[in-house]
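Beneath this line is the structure, given in C-alpha cells, with notes to follow.
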Amino acid sequence: MHLTHITVAATVTLSIAAICYSQFDPKGSEQQARTAADKATCRAVDSAIVAYAGLHGEAPKAVSQIAGYLKGDITAYRIVNGQATGPGCS
C-alpha cells in the first residue's frame, strides 16, 4: 500500500465516523436547528416595519416597537431611517 492510499482511507473512515457520531446526538442537532430557526431574518424585520407603519402611520423608531409583529430573536437588528439594519441586510 502506498502512503496516499492510507491517507485517503483514513480520511474516508474519519469522515464516516464523524457523520455517525453526529447522528448519535439527535437532541443536540434538534437544539442547534431550533436556535437557528428562532433568529429573525432581515426580510422579516422589514415586513414587521411595514406592518407597524401601516397601522400607526409612521415608521417605528426602535426594534422594541415591532417585537409583537414577528417571531424570533430580533436583538441583532436596529432601525435606521425606517429600514432594518443588521445581519443579512444589505
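Residue numbers start at 1 and run along the sequence shown. Note that these values count all heavy atoms, side chains included, but never hydrogens, waters or copies made by symmetry.
- Listed here is the closest heavy atom pair of Ala40 and Leu70: CB-CD1, 3.8 Å.
- Among residue pairs with one or both ends in residues 46-79, none qualify as disulfide (SG to SG under 2.5 Å); sequence neighbours excluded.
- What you find for Ile74 and Ala67 is that their closest heavy atoms are CD1-CA, 3.9 Å.
- Hydrophobic clustering (side-chain heavy atoms under 4.5 Å, transitive across Ile, Leu, Val, Met, Phe, Trp, Tyr) keeps Val80 apart from Ile49.
- Pairs engaging residues 41-57 under the side chain to side chain donor-acceptor pair (under 3.5 Å) rule: Tyr52-Gln65, His56-Tyr69 [sequence neighbours left out].
- Considering only residues two or more places apart in sequence or on other chains, Thr13 meets the side chain to side chain contact (heavy atoms under 4.5 Å, CB included) condition with none of them.
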Name the atoms and distances for all side-chain donor-acceptor pairs under 3.5 Å in residues 81-90, with sequence neighbours left out.
none

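- Ile66 is listed as a side-chain neighbour of Ile79, based on a closest heavy-atom distance under 4.5 Å.
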